[in-house]
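Hydrogens, waters and symmetry mates play no part in the numbers below; they use all other heavy atoms, side chains included. Each chain gets a letter, A, B and so on, in the order the sequences are listed, and its residues count up from 1.
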2 protein chains.
Amino acid sequence: MLEGMTTRDPRAAGLARLAGLIADETRAVCLLALLDGRAWTAGELARHAGVAASTLSEHLSRLVAGGLLAEERQGRHRYVRLADATAAQLVEDLAARVAPGDVRRPRTLRQAGAGSAMARGRTCYDHLAGRLGIAVTDALTARGLLRQDTGFALTDAGLRWFDAAGIALDRRGRRPLARACLDWTERRPHLAGAAGAALCGHALRAGWCVRIGSGRAVRVTDTGERALSELLGIGAAVLR
Amino acid sequence: MLEGMTTRDPRAAGLARLAGLIADETRAVCLLALLDGRAWTAGELARHAGVAASTLSEHLSRLVAGGLLAEERQGRHRYVRLADATAAQLVEDLAARVAPGDVRRPRTLRQAGAGSAMARGRTCYDHLAGRLGIAVTDALTARGLLRQDTGFALTDAGLRWFDAAGIALDRRGRRPLARACLDWTERRPHLAGAAGAALCGHALRAGWCVRIGSGRAVRVTDTGERALSELLGIGAAVLR
DNA sequence: CGGATGCTTCGGCGCCCGCCGAAGCATCCG
DNA sequence: CGGATGCTTCGGCGGGCGCCGAAGCATCCG
């Protein structure tokens with residue numbers, strides 16, 4: 001056989017290998033969990049995924065070797081997190097393409113409860129998502145601070161708004177300031193990129209919102225309601 | 001075992017299945033080849049990938065069933081193409097993340113020749129790439145028609161430029177007008193999205209550039225050099 | 001109509017990979 | 001120091017999947 005083979009694209013092997021990292025349901029479970037942007041221990045992920053610790057250990061080694069995860073050893077714990085923003089974006093992009101019909105809806109009450117908290121507000125890697133993320137994105141757009149019609153970019157007024165709000169934007173890196181991230185529960189784009197990260201970081205630091213328990217869901221505080229109302233004209237009702 | 005399993009993310013199975021479609025080198029070869037945006041027959045792809053027709057037939061069925069490819073039967077031929085722009089973007093995004101060290105450089109003279117033609121100018125799904133794509137993107141940016149510093153979006157002046165050049169933009173669909181696509185050979189972003197597609201389509205229709213043979217490489221014509229110089233101030237030397 | 005061409009189906013083979021539990025190592029803590 | 005905890009390594013098992021060639025079907029063409 002073969003011989004007739006012409007010039008296989010040299011990227012194919014790497015592409016298949018990269019996709020292969022995500023092409024396992026247990027690893028996919030881990031990557032989606034890590035989308036909260038925080039570090040998990042190997043044991044937490046093993047329990048979360050429902051497999052033996054030994055099994056998960058090997059999965060983590062592959063994901064780290066493949067560059068999707070970064071690890072940090074602390075004593076007898078192995079902490080892993082998504083390697084960087086581009087890794088997070090990759091998982092997001094793939095997850096966003098998954099046909100909505102392919103996701104099974106949660107069944108138990110407890111899951112439904114957690115689900116509705118997540119739908120209200122959560123972090124998506126390092127930016128805000130859920131109705132909260134959408135509300136912020138919509139408000140920025142309505143006020144002419146963010147353009148969505150011709151792409152996805154901050155306007156000059158948007159740059160001034162961040163400056164006036166005292167939210168520092170890191171414009172040195174290669175990371176784009178504004179980027180669209182498709183919201184899983186809302187099925188609409190919300191603000192990601194360096195600006196989205198800065199805004200989320202500020203919101204958590206300033207107490208505009210706090211994490212619920214140990215998950216990625218967040219709740220808007222009274223302080224946060226006032227700030228979002230003053231700075232962006234977001235009504236409290238939208239966030240409930 | 002198990003029992004301890006908590007709430008696996010319902011998207012995990014779909015995510016793994018989707019990634020699994022790309023996680024095979026032969027299928028990856030096909031997807032990368034199809035990034036030229038045109039339709040290939042099953043036989044062409046089999047020869048290109050260097051596998052038996054029967055093997056490739058099954059691969060195509062899986063890719064079609066998974067929604068990444070669209071097929072069209074004509075007589076005894078089975079034509080396939082990327083299902084839509086989002087499928088193309090998915091493959092691009094994944095390929096862009098492949099570590100540059102992972103791609104082996106071409107070796108033979110013939111491959112090197114094809115490579116340099118590809119590096120000069122080519123189509124990337126439905127927009128321009130290679131030095132040509134970069135030159136156009138840079139020129140649009142330098143003239144204030146495209147913003148890259150705060151995201152990736154056309155400016156109002158950019159909208160007027162397309163209008164004045166007689167290039168119709170389809171703004172009805174959900175597809176973003178401007179989007180960044182990481183150029184494989186240049187390692188820098190070039191213009192994709194509805195505007196990139198419109199520009200590329202116009203360039204081919206107006207004879208600004210023509211396809212070289214049956215591949216995805218394109219060559220800029222004399223007409224094209226004049227047009228690009230007049231409309232965007234692109235010097236001919238850049239395109240060589 | 002009959003041979004050539006393109007694709008698909010099928011059976012069979014072999015490899016890869018995900019899974020587990022047992023055993024071992026490192027770390028922490030009383 | 002010794003037991004508990006967390007992680008890793010190893011052997012073994014089973015299933016899935018990619019590969020092929022042979023055979024069969026549809027289409028095209030002389």
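Between the CD atom of B/E58 and the C1' atom of C/dC10 there is a distance of 9 Å, given to the nearest Å. Rounded to a whole Å, the CD atom of B/E25 is 12 Å from the C1' atom of D/dG18. Going from atom CG of A/L60 over to atom P of D/dC7 covers 9 Å, rounded to whole Å. With rounding to whole Å, A/L56 atom CG is found 17 Å from C/dC17 atom P. Rounding to whole angstrom units, CD of residue B/Q74 and P of C/dC7 are separated by 12 Å. What separates CG of B/D24 from P of C/dC17 is a distance of 11 Å, to the nearest Å. One interatomic measurement links the two molecules: CZ of B/R17 to C1' of D/dG16, which rounds to 15 Å at whole-angstrom precision. Taking atom CZ of residue A/R73 and atom P of nucleotide C/dC28, one finds them 13 Å apart after rounding to whole Å.
Residues B/D183 and B/T185 are in side-chain contact: their nearest non-hydrogen atoms beyond the backbone lie under 4.5 Å apart.
Minimum atom distance to the side chain of B/R76 is reached by C/dT5, of the listed D/dC20, D/dT8, C/dT5. Distance from the side chain of A/A52 is smallest for C/dG21 among the nucleotides C/dG21, D/dC10, D/dT8. The nucleotide whose nearest atom lies closest to any side-chain atom of A/V51 is, among C/dC19, C/dT9, D/dC19, C/dC19. For B/R78, the side-chain atoms get nearest to C/dT8 when compared with the rest of C/dT8, D/dC17, D/dC7. When each of D/dT8, C/dC17, D/dG18 is scored by its nearest atom to the side-chain atoms of A/R62, the top-ranked nucleotide is C/dC17. For B/S54, counting side-chain heavy atoms from C-beta on, the closest listed nucleotide (D/dC19, C/dG18, D/dA22) is D/dA22.
A salt bridge does not link A/R17 to B/D24: none of the charged nitrogens lies less than 4.0 Å from a carboxylate oxygen. Residues A/E25 and A/R27 are not paired through a salt bridge, judged by the lack of any N-O separation under 4.0 Å between the basic side chain and the carboxylate. Residues A/R175 and A/D126 are paired through a salt bridge, judged by an N-O separation under 4.0 Å between the basic side chain and the carboxylate. Using a cut-off of 4.0 Å between Lys/Arg side-chain N and Asp/Glu carboxylate O, A/D36 and A/R81 are scored as not salt-bridged.
Ring geometry, B/H202 versus B/W208: the interplanar angle exceeds 60°, so the pair is classed perpendicular (tilted spans 30 to 60°).
Residue B/R179 holds its CZ atom at 14.5 Å from CZ of A/F152, rounded to the nearest 0.5 Å.
Contact annotation for B/A42: backbone-only contact, meaning every heavy-atom pair under 4.0 Å involves sugar-phosphate atoms and none involves a base. Nucleic acid contact for A/T26: sugar-phosphate only, since backbone atoms but no base atoms lie under 4.0 Å from a heavy atom of the residue.
The base of D/dG6 lies outside donor-acceptor range of the side chain of A/T41, with no N or O pair under 3.5 Å.
The shortest heavy-atom contact between B/H77 and B/T41 is ND1-CG2, 3.9 Å.
Considering only side-chain N and O atoms, B/T55 lies under 4.0 angstrom from the phosphate OP1 or OP2 of D/dC20. Applying the 4.0 Å criterion to OP1 and OP2 of C/dT5, one finds that B/H77 has every side-chain N and O outside that range. Taking only side-chain nitrogens and oxygens, A/H59 never comes nearer than 4.0 Å to OP1 or OP2 of C/dC17.
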Dot-bracket summary - DNA chain C, pairs being Watson-Crick or G-U whose distances fall under 3.5 Å, with | when paired to another strand: ||||||||||||||||||||||||||||||
